[in-house]
Amino acid sequence: MDYLNSLNESQRKAVTHTEGPVMIIAGAGSGKTRVLTYRIAYLIQNGVDPYNILALTFTNKAANEMRQRIEKVVGAEARNLWMGTFHAVFARILRAEAEKIGYTKNFTIYDTDDSKSLIKSILKENNLDDKIYKPNIVLNRISAAKNRLISPGEYMNNPIITNEDKENMRPELGRLYKIYSERCYKAGAMDFDDLLFNTSILFRDHLDVLNKYQNRFKYVMIDEFQDTNLTQYYITRKLAAQNQNICVVGDDAQSIYAFRGADIQNILNFAKDYPDLATYKLEQNYRSTKTIVNAANDVISKNKNQLPKHVFTENEEGNLIEVLKANSDNEEGKLIATSIFESKMLHQLKNNDIAVLYRTNAQSRPIEEALRKMNIPYRIVGGISFYQRKEIKDLLAYLRYTINPNDEEAFRRIINYPRRGIGDATVLKIIATTEEQGANLWDVLCNIKSIIPGRGSEQVEDFVNLIKTFQKSVDEKDAYEAASMIAKESGILKELYDDKTPEGVARFENVQSLLNAIKAFTDDPENEDKKIGAFLQQVSLLTNADETKNEEGDKVTLMTIHSAKGLEFKHVYIAGLEEDLFPSQTMLTSREDLEEERRLFYVAVTRAEKWLTLSYATTRYRFGKLRPCEPSRFLTEMNPKYLRLSSKIITQEEIPLSYNHNVKTSAKNLVSSSKPKIKYTMPPDFKPSDTSDLQKGMRVEHPKFGYGTVIKMDVNGTDRKAVIDFEEVGEKTLILTFAKLRIHPQQN
DNA sequence: GCAGACTCACTTTTT
DNA sequence: GTGAGTCTGC
């Protein structure tokens with residue numbers, strides 16, 4: 001156990017104090033993951049069966065990383081450890097115990113889109129205005145209730161909550177919550193919050209089950225404790241009630257998920273609930289320079305709500321924090337790209353050592369453009385997940401529906417895709433019938449003749465028979481064989497194969513890679529259950545952040561601050577430090593919200609090891625307009641002695657004209673807009689996320705003039721003139737304004 | 001049932 | 001500015 005020697009005193013105490021309740025307050029960069037890893041390794045090496053250890057994290061990424069680190073220390077034994085996100089672990093328990101709470105083991109997990117779509121249909125059926133009952137608000141409200149362990153019944157009987165809803169002119173929310181829950185239950189589905197909520201129900205109502213897991217999990221550990229909500233806390237407290245071996249690790253200064261129900265109170269309550277609690281504080285930062293640690297402390301000290309602690313470092317003083325000021329968002333991108341180029345040269349950095357962090361995903365575009373121009377490779381974490389893509393969701397919906405034919409949202413997705421002549425009217429009638437009769441969706445479909453006697457029922461019967469053959473195949477075959485068969489027989493593959501547009505080809509390839517992923521799942525010897533059901537359970541809890549590992553190579557990382565949590569880079573850039581953007585305008589309604597923004601900034605700053613660059617722009621395109629911006633208050637909250645204003649001379653801005661990110665949409669808008677717009681024919685190496693300039697030699701299409709080739713580009717202020725030789729009408733000069741893809745035809 | 005025209009929300013972050 | 005969604009007329 002020589003690794004113990006590599007720890008400082010408080011770290012070592014936190015690792016070796018294994019019995020009884022322990023709370024570890026771990027400042028940023030204080031070696032939190034090391035402590036957790038070694039703690040588990042220490043337990044195992046002291047004779048604790050890995051089978052008896054439960055470690056809960058917030059992201060799959062964190063769970064995987066920790067598992068790998070533990071395996072390095074203790075070897076393959078770590079395999080039996082239960083380590084995963086709250087949602088994944090509870091989903092696994094629920095799958096095993098589903099019958100106890102009236103579900104089958106093949107219950108569906110609704111993602112946010114499914115939930116929203118279900119809420120929309122409930123609103124429609126109940127004639128409620130979706131402008132007042134915005135699906136997002138309804139869902140958030142329901143989610144908040146579940147995260148606070150409030151059932152629909154309790155919701156409606158709680159005068160405080162119902163009054164709140166009445167004041168907000170949404171008196172029906174309680175009823176909606178009830179209907180929503182019933183619908184999910186009938187569809188054999190749980191949303192993300194249900195995975196937690198239903199686990200707590202399971203443990204509340206079935207003491208035998210609770211006892212079983214209490215006996216199993218003799219040691220419970222929770223990472224990122226500051227981000228737990230009440231329901232999560234309640235469940236883990238119950239699990240640990242017998243053995244009292246519960247260890248939580250967190251940092252109140254890094255709590256950035258209050259918006260989804262995280263409750264810092266949990267940290268405070270923890271001490272009350274466990275009077276014999278041992279608390280350890282990890283205050284030495286090993287990651288960053290003195291300058292960065294002190295500047296971060298400057299900012300976070302402005303928060304009133306926090307536990308007393310003093311984060312310090314014995315690292316070198318380090319470089320001053322550079323502040324870049326740009327005239328616009330595009331220029332900000334350029335300054336950052338230039339600075340990255342210089343920093344790589346000056347400090348001998350690899351692209352992997354560098355990250356650009358921002359508040360919202362929308363900020364990535366100008367930075368991407370600048371990096372591309374300077375030929376600096378980058379990767380984007382986040383954005384649209386592979387599993388969010390339409391074609392992937394379509395195939396998954398077929399798989400979901402086959403194993404759970406009461407899954408209403410999957411049904412809506414696939415009933416008429418590919419087209420089989422079943423329209424909205426028929427679907428509405430089917431859903432209405434299930435509601436009226438209190439029947440199951442699948443039973444209604446199997447008896448469709450008695451509901452819709454004449455037209456349309458044949459198509460539905462064909463659909464039912466199709467699903468029946470799928471069910472047979474799922475029962476008999478493994479996940480890969482069944483999925484390939486379903487992809488083919490459902491017509492999805494053919495539909496996409498016939499689409500020869502670049503996007504269609506990409507979609508076809510995406511479906512193929514989903515099938516490959518299923519094959520990998522089937523071939524993985526670690527997976528005992530090779531059926532589709534097991535695959536789906538796993539896949540529905542994956543998120544976009546989990547795909548970064550596929551992106552290899554030496555690249556600069558671009559991501560939101562939220563996804564940067566737990567990571568570190570030698571040189572960190574924080575972009576868009578403008579009031580209203582960061583701190584975000586929508587967040588500035590209360591002091592608590594501002595404090596969460598400040599914690600977010602603290603998280604961003606403390607990702608940096610050696611160099612930190614902050615940037616802001618004085619004007620920025622937001623919501624389609626160029627708006628003036630003020631520097632963020634976070635900049636002034638830092639002691640100026642840590643800062644160095646960049647002396648770079650800012651050049652007159654050159655405004656790039658770029659492709660849309662989503663080519664399909666631009667094509668669609670082209671057709672639908674009354675104003676003529678220009679359409680580019682994409683170069684052969686064009687990728688959907690590509691953005692680059694219109695250049696000489698490119699082939700374009702114009703709705704009025706047809707096809708042509710760009711023979712000259714002129715830049716004049718914010719306008720760019722393109723001289724295009726059209727095949728039908730000859731040469732035309734078109735002015736392309738900043739607005740993408742739009743032309744002003746009056747000049748020709 | 002579908003294509004095209006038009007409207008409007010969305011700009012937070014994740015499981 | 002963008003994308004999703006709805007409306008309208010065939």
Side-chain angles (χ1 to χ4, degrees), chain A residues 56-63 84-91 109-113 115-117 120 124 130-131 134-136 140 143 146-147 190-196 224 227-229 232 255-262 357-363 365 381-382 384-385 387-388 390 416 419-426 456 540-546 559-565 576 580-588 593 596-597 599-600 603-604 620-626 658 660-662 664-675 737-742:
Chain A
L56 294 165
T57 63
F58 270 80
T59 59
N60 299 302
K61 199 170 70 185
T85 62
F86 279 93
H87 292 83
V89 167
F90 294 162
I109 299 174
Y110 274 175
D111 67 14
T112 314
D113 285 347
S115 301
K116 242 185 249 173
S117 134
K120 277 184 201 159
K124 215 172 240 174
D130 66 357
K131 297 218 169 60
K134 287 185 184 166
N136 263 331
N140 281 337
S143 171
K146 286 181 189 166
N147 287 331
M190 299 189 198
D191 65 16
F192 288 134
D193 302 311
D194 286 332
L195 295 175
L196 310 177
E224 308 278 13
D227 289 331
T228 46
N229 59 44
Q232 288 165 325
S255 162
I256 55 175
Y257 284 111
F259 71 90
R260 72 171 209 221
L357 309 182
Y358 35 76
R359 182 63 178 73
T360 69
N361 277 313
Q363 285 167 253
R365 207 213 75 231
V381 178
I384 307 162
S385 158
Y387 289 99
Q388 307 266 66
K390 184 187 172 300
N416 201 29
R419 302 250 138 75
R420 47 174 71 89
I422 302 172
D424 289 348
T426 312
S540 39
L541 294 171
L542 287 180
T543 59
N544 43 26
D546 298 321
M559 62 185 152
T560 64
I561 299 162
H562 282 87
S563 13
K565 196 161 182 205
D580 288 357
L581 178 62
F582 189 21
S584 157
Q585 184 179 26
T586 45
M587 292 296 314
L588 291 181
D593 292 339
E596 173 144 327
E597 292 288 293
R599 290 192 294 267
L600 196 56
V603 168
R620 178 180 297 274
Y621 271 92
R622 287 181 80 193
F623 320 140
K625 271 204 187 106
L626 189 70
S658 61
N660 281 353
H661 281 251
N662 186 331
K664 189 188 165 215
T665 311
S666 71
K668 190 185 158 197
N669 283 344
L670 265 180
V671 184
S672 63
S673 169
S674 42
K675 283 179 198 159
T737 66
F738 172 77
K740 290 176 210 163
L741 309 185
R742 180 174 296 165

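Note that the structure is predicted; figures quoted are calculated from it, not measured. Note on naming: letters A, B, ... go to the chains in the order of the sequence lines (proteins, then strands), and numbering restarts at 1 for each one.
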Looking at the side chain of [X], which of [options] is the nearest nucleotide?
X        : options                : result
A/Arg359 : B/dT12, B/dT14, B/dC10 : B/dT12
A/Leu541 : B/dT14, B/dT15, B/dT12 : B/dT15
A/Lys124 : C/dT6, B/dC10, B/dT14  : C/dT6
A/Asn416 : B/dT15, B/dC2, B/dT14  : B/dC2

| If we ignore angles and hydrogens, is there a donor and acceptor under 3.5 Å between the side chains of A/Ser563 and A/Thr560? |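 Their side chains do contain a donor-acceptor pair, which is all the 3.5 Å distance test asks for.
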Rounding to a whole Å, what distance do you find between [X]:[atom1] and [N]:[atom2]?
X        : N      : atom1 : atom2 : answer
A/Met559 : B/dT14 : CE    : P     : 11 Å
A/Asn229 : B/dT14 : CG    : P     : 17 Å
A/Phe582 : B/dT11 : CZ    : P     : 17 Å
A/Asp113 : C/dA4  : CG    : P     : 10 Å
A/Arg365 : C/dG1  : CZ    : C1'   : 9 Å
A/Lys116 : C/dG5  : NZ    : P     : 9 Å
A/Ile256 : B/dT14 : CD1   : P     : 9 Å
A/Asn140 : B/dT14 : CG    : C1'   : 12 Å

Counting only side-chain nitrogens and oxygens, does [X] get under 4.0 Å of the OP1 or OP2 atom of [N]?
X        : N      : result
A/Asn361 : B/dT13 : yes
A/Ser563 : B/dT14 : yes
A/Lys120 : C/dG5  : yes

| said: If I pick the P atom on B/dT13 and the same atom on C/dA4, what distance separates them, to the nearest angstrom? | reply: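 Roughly 15 Å separates the two P atoms.
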| message | For a quick check, tell me whether the side chain of A/Thr112 and the base of B/dT15 share a donor-acceptor pair closer than 3.5 Å. | response |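 Indeed there is one.
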| Got a sec, which residues hit side chain to side chain contact (heavy atoms under 4.5 Å, CB included) with A/Asn416, two or more places apart in sequence or on another chain? |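 With sequence neighbours excluded, A/Asn416 shows a side chain to side chain contact (heavy atoms under 4.5 Å, CB included) to A/Arg419, A/Arg420, A/Ile422, given in chain and number order.
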| How would you list, by chain and number, every residue that makes a side chain to side chain contact (heavy atoms under 4.5 Å, CB included) with A/Ala362, sequence neighbours excluded? |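 Residues passing side chain to side chain contact (heavy atoms under 4.5 Å, CB included) with A/Ala362: A/Thr360.
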| query | Pick the nucleotide of DNA chain B nearest each of A/Lys134 and A/Thr560; which residue has the one closer to the 5' end? | reply |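 The 5'-side residue here is A/Lys134.
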| said: Heavy-atom nearest nucleotide on DNA chain B for A/Ser540 versus A/Asn136: which residue maps closer to 5'? | reply: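 The 5'-side residue here is A/Asn136.
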| query | Is the shortest side-chain N to carboxylate O distance from A/Asp191 to A/Lys116 below 4.0 Å? | reply |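 The answer is no: the pair does not qualify as a salt bridge.
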| query | At under 4.0 Å between heavy atoms, what does A/Tyr257 touch on the DNA or RNA strands: base, sugar-phosphate, or nothing? | reply |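 Sugar-phosphate, no base atom in range.
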| query | Has the side chain of A/Asn60 got a donor or acceptor atom that lies under 3.5 Å from a matching backbone atom of A/Leu541? | reply |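 The answer is yes, because a donor-acceptor pair under 3.5 Å joins these two groups.
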